[in-house]
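Values in this document were obtained by computation on a predicted structure and should not be read as measured data. Both counts, for ligands and for their atoms, begin at 1 and track the order of listing.
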Amino acid sequence: MSNHSSIRTEQVEQLVSDFDLIEMEAKAKAKAIDDVNKFKLGSVPTVFYIPDFISISDQNTLLNHIYAAPVSKWKVLKNRRLQNWGGIVHEKGLLPQDLPPWLTKITGKIRDETSLFPSAINHVLINEYLPNQGIMPHQDGPAYFPVVAILSLGSPVVMDFTPHFSLSGDTSNIEDKDSIEGADHENLPNYPSFSVALMPGSLLIFKDTAYSDYLHGINDCEVQQYDAAVNAAEVLRHQSLSKPHDEDSKTIHRSTKRVSLTCRVVSKVRKNLFRF
Ligand SMILES: O=C(O)CCC(=O)C(=O)O
Ligand SMILES: [Fe+2]
């Protein structure tokens with residue numbers, strides 16, 4: 001074989017292997033999308049709840065890393081404590097800091113197994129709540145790509161979603177616009193209020209309308225009703241595996257701390273302090 005044709009053979013082999021790789025990646029992505037679609041919850045686009053996303057031993061390892069951080073890493077707020085990882089989020093973008101390996105292990109798994117994020121997750125907020133603490137209904141800031149993944153550790157809680165049209169400003173898909181001027185948003189059939197119970201080890205992801213037209217929050221009560229939760233059966237399954245409970249009352253007793261990891265992408269990343 002001449003030199004020429006062997007070079008060409010190598011190029012063809014390289015192309016074939018590149019093509020195989022692209023095909024394998026596309027197949028893996030399609031499979032991840034198929035898999036995550038099985039975990040869609042409720043009627044509002046789009047909420048996913050993946051129970052037991054990480055094992056109990058991985059939950060403990062994560063908690064050990066979180067509590068190994070220096071006390072100064074905690075920012076103390078009135079109703080919770082939080083650690084910020086990945087850098088400072090400014091209006092104009094992220095002043096980035098590398099995530100530690102114990103966090104990239106989990107953010108990489110979230111991205112690979114869901115295929116819902118456009119690029120590597122580069123920001124993680126860790127919130128810690130005592131049993132009587134919560135988070136006010138809010139919408140996540142505009143700096144984030146509009147998909148959020150929340151990994152739960154420790155005590156279960158109920159997260160409430162309530163519609164808030166004025167925040168999104170996009171009412172194009174609502175037929176009766178006059179009706180949203182009034183305060184009675186919650187009765188619009190396409191925008192029901194709903195709750196999701198967040199059990200330890202689970203991953204909640206929300207995007208689309210659930211992200212843009214809803215507020216999310218956690219009540220600051222030690223005892224929370226979960227009968228209206230769209231995944232109420234999941235709580236029963238989880239509780240029957242652990243401790244005795246009162247099935248009739250459908251309540252969660254928050255007996256210990258809850259720790260959550262809010263994982264997001266800040267698309268605009270600042271290269272240095274003064275330029276973008
Ligand atoms: O702790 C949670 O589950 C929610 C946290 C949250 O909404 C946020 O950090 O924006
Ligand atoms: Fe939030």
Side-chain angles (χ1 to χ4, degrees), residues 41-42 44 46-51 53-54 59 62-63 66-67 73-91 94 99 103 106-107 110 116-117 121-164 167-168 193-222 224 226 229-231 234-235 238 252 254 256-266:
L41 267 193
V44 174
T46 309
V47 180
F48 305 92
Y49 176 84
I50 308 179
F53 184 72
I54 60 167
Q59 294 172 43
L62 265 178
L63 285 168
I66 292 166
Y67 286 106
K73 185 75 187 165
W74 288 103
K75 183 173 176 186
V76 182
L77 306 180
K78 219 174 79 206
N79 220 13
R80 67 196 150 98
R81 287 201 298 175
L82 65 87
Q83 292 181 7
N84 179 83
W85 293 92
I88 308 296
V89 183
H90 282 267
E91 240 174 68
L94 179 71
L99 291 173
L103 276 176
I106 187 72
T107 53
I110 293 171
L116 293 170
F117 289 90
I121 289 168
N122 57 2
H123 194 261
V124 180
L125 266 188
I126 299 180
N127 284 293
E128 180 205 60
Y129 306 85
L130 300 177
N132 62 349
Q133 294 185 323
I135 186 166
M136 295 274 286
H138 66 281
Q139 189 181 38
D140 290 356
Y144 299 107
F145 182 81
V147 176
V148 53
I150 299 176
L151 183 72
S152 290
L153 307 171
S155 209
V157 286
V158 175
M159 181 176 278
D160 303 310
F161 286 81
T162 44
H164 195 314
L167 282 176
S168 87
S193 293
F194 62 95
S195 304
V196 185
L198 306 178
M199 307 309 282
S202 71
L203 188 72
L204 172 79
I205 302 179
F206 57 94
K207 62 196 265 288
D208 305 322
T209 306
Y211 188 98
S212 59
D213 290 356
Y214 278 76
L215 303 177
H216 54 281
I218 297 168
N219 215 312
D220 54 7
C221 282
E222 268 185 70
Q224 297 186 325
Y226 69 85
V230 281
N231 60 341
E234 170 57 27
V235 188
H238 210 278
I252 283 172
R254 299 169 62 189
T256 55
K257 285 173 187 164
R258 167 171 185 268
V259 176
S260 66
L261 287 77
T262 303
C263 307
R264 289 175 287 209
V265 167
V266 183

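If you take CZ on R254 and CG on D220, they are separated by 8.0 Å, rounding to the nearest 0.5 Å. Atoms CG and OH, from L198 and Y49 in turn, are 6.5 Å apart once rounded to the nearest 0.5 Å.
Around the Fe ion (ligand 2), the protein N, O or S atoms closer than 2.8 Å are H138 NE2, D140 OD1, H216 NE2, listed by chain and residue number.
The environment of CG in L77 is crowded: more than 12 heavy-atom neighbours from other residues, nucleotides or ligands sit within 6.0 Å.
Considering I126, L125, V124 in turn, L125 is the only one that fulfils the side-chain contact (heavy atoms from CB on, under 4.5 Å) rule with T262.
Take F194 and apply the ring-ring contact (aromatic ring centres under 6.0 Å, His included) test, not counting sequence neighbours, and it matches F161, Y214.
Here E128 pairs with K257 in a salt bridge; the nearest charged N to carboxylate O distance falls below 4.0 Å.
Taking 4.5 Å as the limit, some side-chain heavy atom of L116 sits within range of a side-chain heavy atom of F48.
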List the atom pairs, with distances to 0.1 Å, where a side-chain N or O of residues 149-160 and a protein N or O form a donor-acceptor pair under 3.5 Å, not counting sequence neighbours.
residue	atom	partner	partner atom	Å
S152	OG	R258	NH2	2.9
S155	OG	S255	N	3.4
D160	OD1	S195	OG	2.8

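Using modelled atom types, one finds a donor on one side chain and an acceptor on the other under 3.5 Å when comparing R264 with Y144.
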Atom pairs, nitrogen or oxygen, ligand 1 to protein, under 3.5 angstrom:
residue	atom	partner	partner atom	Å
ligand 1	1 (O)	Y129	OH	2.5
ligand 1	1 (O)	R258	NH1	3.0
ligand 1	1 (O)	S260	OG	2.6
ligand 1	3 (O)	R258	NH1	3.1
ligand 1	3 (O)	R258	NH2	2.9
ligand 1	7 (O)	H138	NE2	3.1
ligand 1	7 (O)	H216	NE2	3.0
ligand 1	9 (O)	N127	ND2	3.2
ligand 1	9 (O)	T262	OG1	3.3
ligand 1	10 (O)	H138	NE2	3.1
ligand 1	10 (O)	D140	OD1	3.2

